[in-house]
Every structure is written in structure tokens, then in C-alpha cells.
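For reference, the structure is listed below as C-alpha cells.
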Amino acid sequence: MIAHAKNFFYKTLREDPKDAEAVSHKLLIRSSMIKQIASGIYAFLPLGHRVLKKIETIVREEMDGIGGQEMTMSIMMPAEMWKKTGRWDIYGDDMLKLKDRKEQDFCLGPTHEEQVTTLAGQVISSYKQLPLLVYQIQTKFRDEPRPRFGLIRLREFVMKDGYSFHDNEESLHETYMEVLKAYQRILGRMDLSFSVVAADPGQIGGNLSHEFIVPAKVGESTVFKCDKCGYVATSEVATSVAPALDTLEKPDQAKLHTPNSSSIDDVSQVLSLPKSRIVKAVMVIGDSKPYMILVRGDRNVDESKMNRRFSEWRMMTDEEITNMGLVPGFVGPKAHIEGLTILKDKSLDNVDWGVVGANEKDYHIVGVSLGDIPYDEIVDVGAVVEGDACPNCGGPLSSFTGLEVGHIFRLGTRYSEPLEAFYHDANGERKPFIMGCYGIGVTRLVSAIIEQHHDDNGIVWPWVVAPFHVVLIPIGTVQSSLDELSDSLVKAGLDVFVDDRDERPGVKFVDADLVGFPVRIVVNAKNTDQVEIKFRKTGEVVRVSRNEVVKTILDEAKNL
RNA sequence: CGGGGCGUAGCGCAGUUUGGUUAGCGCGCUUGCCUUGGGAGCAAGAGGUCGGCGGUUCGAAUCCGCCCGCCCCGACCA
């Protein structure tokens, strides 16, 4: 494939766009890969389009490699199937709903479990046809409240979503692991460093999931890991052992005056005690019932963990707290509060004594043995913090931020049951499919790759996803040798971009670096027998005779 | 949805506080000359509903009101 700059649909920018913050966003705009159409919605110009297609090809090859069957589902779909699974309401405003001319309800698919499950129910009728793995690479729409960072958080984006169907858990597990390995190969081929981490299935459902996280500054996911034993988990599911407190003699239990000290910080200061000695009491309404959640004072309740514990929850208002006979800001545990359930977070496990609210304005009680505090259940809803001990080996946990580029789930029968997607088993009984689902954010990968592969001058595309492998820059009149050279490169299967613009060499060099072609070839009229080859990644420059060019590049390609 | 910022030529910005010629600058674009190994130079040009609507005024990019869009932090989020 060959393209010529003179009539190529692109225009590089000298200055950073003012609306861009992330490096990948700035470079995508400046190199003219994408143009914004609306918030979270972009057009892919030819350069960006070519990158996207190359990423898709890698994904497709690896999915086909484990027996995945590619298909294309519809983007727009009727409300009915979403109402059956309950997600017509659960998904909320993130799902773009619309009506057709007959006033029928439709939505633009934010994901495709409903559709693929419906289809499977219609097409698959026997256990003999299982297991089955299908996938598509297709545009999704989610009306995100806050799109950001160019292609990182979009409203309209391309995703590879795959779904598997099984008649038993072992089969699901097998496919799940095969997809996991395929994902590792996909990201590895794109030269991304990444972590596979235990994660929160969120509203997709299921009991276990893994995220594929590419470490990046602009990452929205926080991951905790243990260097000692290899434990990794997102902040949403990470557990830890809170480090032990400094030994401190327990004072006699006493009610102390703590005027205007309703926050942990205030109490800690007034009593000259570490925040970890204070028992935080968080009052919530969970699934319509009141709960008091006790957490160690130096940490917070994690919302994702709460979302898994309760299907619906919110903080109590001050009025509701007062109505329970408690005092907002000075809430503490006490026995026998009608209808109240007390949950004790495990972060309090190794606290021997502490401070609790006195349930009286401006008073706290010190010297309370944790053993004396009443509770109904021990729970894990506390947010992990860096420095906590690894739940497996006790080693210290550290954290990093990254981009979630893939997520795989075991769904079980979450969708097949409500959609009545059944097969017949060996005994002739109708059973719902056991399902898995597997996503990769294709558009997000474009950004992830740039976040990991760039320098001060621009993008440094890995060979396999570069929009073009080679940029050819002529200096002076070299038409015949240029044609000959580009011919041989194209015949060797390379994608060649000829910068034949009527520009000075400096302009072309700067653009070549910005756009990020892995290889730059300069042909100078002063000496057409030899050409200069420069590798973007290493900056290495070699001069070779024209007939050695293809070989030189192909030899080096595996390192690019 | 809460907080903050921005909206003037394709891009980046000045002008708005204190209303007043024909709304400027850099880059980019067009034409010519010149130049050709890291964003050259000279000359002549083209390009604007000043985000939108309404109001105040002799007069509005500038003051007032309403609305829209975009970005950042948070909430939210496979």
C-alpha cells in the first residue's frame, strides 16, 4: 500500500490543541489522526483509521485463533429484550434511548448481551452445538456523563465484544482461560505492558472477572499489587490487612468533651490520637434498611464494594440519623437500636481499643475495647490504601494507575434465564446457557499505545499498528529512484507514505517524527545510490545502497 | 449533577476591566520571487453571523438576562 502526502487527507498541527490534556490526545489531534465531532465523539481520518484497522486485525486474528466466530450485531435495537433483563431501567441515562417513527422504543447498544443471548436462544437448540464463542468488532454508544482524554473515555467507541455459551461451568472456565491467554497475546503483540487483575464485574454481572490494565498516567483505574507474591487487584475488589497500630496503653473508658469535632480529623487533633484509633461510623440506607458501618478512622468506605454488598444504597441524611436517636457527627455504636444493623469493617480487626462517638453532641468516648463494641457482621467494604499488607503473603501493597483496555466476565445464567435462551441437554431437558463475555476497547487501545509509546517529538508507533511502516522523504529531484524504491517496498508488503509535498526537508522531518512512522527513508538527489534509513524508536541512522533497503528494514522490523 | 475555566479567521491567541474609526497578531492558506538535511526569507493577497437569542444605548466583541457548546476537578462509569 502506498500513499502520497500531496493529496492525502491530513493536516498536522504545530501547536497543541487547547482542549487536550492527555499526551495521547494532543498527539492524536496534532498528527491529524482524529478530529472531534462532539464531546466524546470523534471522526477517524485516514491515518487514525489505518491504526484502528491494524489493531482490529490483530484482535481478529487472535480471536479466530481460539475458535471465535466473527459476526455483526445491530447497533440499534428494540427495548423489549432490555426490559426482559431489567437493564432498560438499570442502565439509566448511559444508554441512549430513542423512538422510531412509529413511536417504538429503541436504544443504541452500549453492549450486546441482550442481543447475542436472544440470538443464541433462537439458533442453538442442543448441547451438541456447545461450547460456542462468537464475537464482533463494532461501534458502541454510551452516553457517558463525562467523556475525557481524547479516545480514552468516549461516548461513541469501537469495542471487540465476545460471548461464549456453555452447558457446564468447566467448559466456561476453559474458554475463559483461552480468551484470557488470547488477550495476553493481543496486548503483547502491540508491545503494551499490562497487568491482568482481579476485578469487579460491575453491572454486567457474574461472580468473577479480570481486567487488563495498561499502566498509564491518565489511567482511571487504580490497581494494588504485591511485588512479593504477585497479588494484583483493582481498588474496587482489592482486600488487604490494615497495618497494626502503634502500641498505646488503653486509657480508662471515659466520655470526653470534643466541641465542634465532628470529623475524624478534628477528633484526632483534639484528643491527640492517630486517626486510626478513631472508629468511623458511616450511616447508610442499604436496600431500604438502616445500617451503621464501622470503619477504621484512617480509611474510607469503597463505593464499589458497597455496590456489591447492596443492590441499592445511599448515605443517610442528618435528619434520618437524628430520627434514629443518634447525633450526626457524634455517632457511635451502641446496642439495641431498633431496626439498625451494625456492620464492622475488617480494617478494625487489629485495633485493640479506640474512640467512638458518644451519641451526644460534642462528646466522644475514649478507651473503648473493640471487643466490647456490638456488631452484627464483619464485612469488607473499606478502601485499601497503599502500604496495607497483602492479603496473601503479608507483603506491602503498592498501587499504580492504568487504563482498562480489556475485561472478561463469567456471566453464568444472568442473561439466558430472563431472555429464556435455552438448549436441550442430553436428557432432553431445557436449560439456560451458561455464558461468558469478553470485551476489548479497540479505540481505547489506540490511546493506550500512544501513552506508552511516544517521546517529546511525537508518536513512536510499534511496527504492527503503525499507519504506514515507512515514510519516504525525497530531497531534490529524485523521481525515478524514488519510484523504484517505493515499488520495491510495496512489493515487500510494506505500507509506504511518500512525503512528496513541496516543503523544505525540516518540515517533513518534524512531521515524520510527529506522526510516528517506524522507519524514515531519505533519498537525496546528491547521492541517489545510497539512501539514509532512520529508525524512529532508537534514532539509529544507517546508510545503505538502494538494493539493500528492503532487507535492512525487514531485518530490523521485529525490533520495532 | 456540583465546582472551576473557556467560546473572537482552519489552529493558537490579544482586544472585554473603563462601550466609540474599517476587530487585530502569530501559524496555516493563495500568488510571485528566492531557498532546499530539522517547522527559512521577501512581497502581494484571501479568509470573521466576535457561540446563539433577547435587552440597555445615539453606538455593543465589550454592559445586562436567558440559552447552547467545549475543557478540567469531582460525582458517575464493563
Side-chain angles (χ1 to χ4, degrees), chain A residues 10-22 25-26 29-30 32 35-42 87 90-95 109-113 140 142-150 152-155 157 159-163 197 199-206 208-213 218 220-221 234-237 303-304 307 314-315 403-411 414 436-441 444 456-458 473-478 499 501-514 520-527 531-532 534 539 541 543:
Chain A
Y10 84 130
K11 177 182 179 65
T12 57
L13 265 33
R14 288 196 182 198
E15 294 170 275
D16 280 337
K18 73 166 182 156
D19 285 343
E21 202 73 16
H25 189 190
K26 288 179 185 172
I29 298 289
R30 283 191 54 207
S32 190
K35 291 287 279 183
Q36 182 170 30
I37 300 302
S39 179
I41 300 178
Y42 288 83
R87 292 210 294 179
I90 296 170
Y91 230 106
D93 289 336
D94 269 20
M95 188 159 70
T111 176
H112 279 78
E113 284 81 11
K140 299 273 186 281
R142 292 182 193 170
D143 201 357
E144 291 283 347
R146 181 137 118 78
R148 60 185 121 181
F149 300 143
I152 288 172
R153 181 152 222 91
L154 291 165
R155 294 198 290 170
F157 59 100
M159 169 176 270
K160 188 289 296 175
D161 49 326
Y163 307 88
V197 311
D200 177 5
Q203 67 158 296
I204 289 287
L208 175 67
S209 73
H210 284 92
E211 280 182 18
F212 293 74
I213 300 209
V218 289
E220 296 179 298
S221 306
T234 66
S235 59
E236 301 176 339
V237 295
E303 300 206 5
S304 295
N307 288 340
R314 60 174 176 81
M315 302 293 278
L403 293 169
E404 178 193 347
V405 297
H407 202 157
I408 58 179
F409 307 82
R410 286 175 230 198
L411 300 176
R414 163 73 178 86
C437 101
Y438 318 95
I440 283 187
R444 183 176 286 180
D456 290 346
N457 297 322
I473 299 180
I475 295 178
T477 307
V478 291
D499 195 345
R501 290 177 299 170
D502 187 17
E503 289 287 353
R504 296 164 61 87
V507 174
K508 300 184 183 186
F509 294 155
V510 171
D511 272 353
D513 287 348
L514 174 62
R520 185 187 87 189
I521 301 176
V522 177
V523 187
N524 193 322
K526 285 178 188 156
N527 178 3
V531 303
E532 174 194 279
K534 183 174 184 183
V541 176
R543 287 171 203 287

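The structure displayed is predicted, hence computed values, not measured ones. In the text below, chain A, chain B and the rest are named by the order of the sequence lines, each starting its count at 1.
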Distance-minimising heavy-atom pair for Ser209(A) and His407(A):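 What the structure gives for the nearest pair is OG-NE2, 2.8 Å.
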
Pairwise 5' ranking along RNA chain B for Gly506(A) and Arg153(A), keeping only the more 5' one: Gly506(A)

Comparing Ile37(A) and Asp161(A) on RNA chain B - which has the more 5′ nearest nucleotide: Ile37(A)

[options]: which one has an atom nearest the side-chain heavy atoms of [X]?
X         : options                : answer
Tyr91(A)  : A78(B), A75(B), G39(B) : A78(B)
Ala38(A)  : A78(B), C70(B), C11(B) : C70(B)
His407(A) : U36(B), G38(B), A78(B) : A78(B)
Asp513(A) : A78(B), G38(B), C72(B) : G38(B)
Asp94(A)  : C77(B), C72(B), A78(B) : C77(B)

Tell me which nucleotide, if any, is Watson-Crick or G-U wobble paired with [N] when both distances must be under 3.5 Å.
N      : value
C42(B) : G32(B)
A60(B) : none
C1(B)  : G74(B)
U18(B) : none
C25(B) : G12(B)
G48(B) : none
G7(B)  : C68(B)

Please check the phosphate of [N] (OP1 and OP2 only) for any side-chain N or O of [X] closer than 4.0 Å.
X         : N      : answer
Ser39(A)  : C71(B) : yes
Gln36(A)  : G69(B) : no
Arg504(A) : A40(B) : yes
Arg148(A) : C77(B) : no

Write down the protein N/O and nucleotide N/O pairs, taken from nucleotides 1-7 of chain B, whose separation is under 3.5 Å; answer none if there are no such pairs.
{"from": "C6(B)", "atom 1": "O2'", "to": "Lys18(A)", "atom 2": "NZ", "distance (Å)": "2.6"}

Exam field: side chain Lys160(A) to backbone Tyr438(A), donor-acceptor pair closer than 3.5 Å: yes

Pairwise [atom1] distance for [N] and [M], with rounding to whole Å:
N      : M      : atom1 : result
G7(B)  : C13(B) : P     : 9 Å
C68(B) : U22(B) : P     : 34 Å
U8(B)  : G15(B) : C1'   : 9 Å
U49(B) : A60(B) : C1'   : 15 Å
U21(B) : G59(B) : P     : 15 Å
A75(B) : U17(B) : P     : 38 Å
G65(B) : U56(B) : P     : 15 Å
C27(B) : G39(B) : C1'   : 10 Å

If I take atom [atom1] in residue [X] and atom [atom2] in nucleotide [N], what distance separates them, rounded to the nearest angstrom?
X         : N      : atom1 : atom2 : answer
Arg314(A) : C76(B) : CZ    : C1'   : 18 Å
Arg87(A)  : C77(B) : CZ    : C1'   : 14 Å
Asp499(A) : G38(B) : CG    : P     : 15 Å
Glu144(A) : C70(B) : CD    : C1'   : 17 Å
Arg414(A) : A78(B) : CZ    : C1'   : 13 Å
Ile152(A) : C76(B) : CD1   : C1'   : 17 Å
Asp502(A) : U31(B) : CG    : P     : 10 Å
Lys35(A)  : C70(B) : NZ    : C1'   : 14 Å

Should [X] and [Y] count as side-chain neighbours, where that means a heavy-atom distance under 4.5 Å?
X         : Y         : result
Arg501(A) : Asp511(A) : yes
Met159(A) : Arg444(A) : no
Lys140(A) : Asp161(A) : yes
Asn524(A) : Asn527(A) : no
Arg87(A)  : Thr111(A) : yes

So what does [X] hit on the nucleic acid, given a heavy-atom distance under 4.0 Å: a base, only sugar-phosphate, or nothing?
X         : answer
Glu220(A) : nothing
Glu211(A) : nothing
Arg30(A)  : base
Tyr438(A) : nothing
Lys534(A) : base

Full working for side chain to side chain contact (heavy atoms under 4.5 Å, CB included) between Ile152(A) and Glu220(A): CA-CA 9 Å; Ile152(A) 288 172; Glu220(A) 296 179 298; 4.2 Å; yes

Would you tabulate the nitrogen or oxygen pairs shorter than 3.5 Å linking the protein to nucleotides 23-28 of chain B?
{"from": "G26(B)", "atom 1": "N2", "to": "Glu15(A)", "atom 2": "OE1", "distance (Å)": "3.2"}
{"from": "G28(B)", "atom 1": "OP1", "to": "Arg14(A)", "atom 2": "NH2", "distance (Å)": "2.9"}
{"from": "G28(B)", "atom 1": "O2'", "to": "Lys11(A)", "atom 2": "NZ", "distance (Å)": "2.4"}

Under-3.5 Å donor-acceptor pair between Arg444(A) side chain and A78(B) base: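 For Arg444(A), whose side chain was compared with the base of A78(B), there is no donor-acceptor pair (under 3.5 Å).
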
Asp16(A) (side chain) and G12(B) (base): donor-acceptor pair under 3.5 Å: no

Gap separating the OG1 atom of Thr234(A) from the NE2 atom of His210(A), nearest 0.5 angstrom: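 The distance works out to 10.5 Å.
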
Mind checking side chain to side chain contact (heavy atoms under 4.5 Å, CB included) for [X] and listing every partner two or more places apart, or none if nothing turns up?
X         : result
Pro145(A) : Asp94(A)
Pro110(A) : Trp82(A), Tyr91(A), Met95(A), Arg142(A)
Asp16(A)  : Lys26(A), Arg30(A)
Arg520(A) : Val471(A), Ile473(A), Phe509(A), Ala512(A), Val522(A), Glu532(A), Lys534(A)

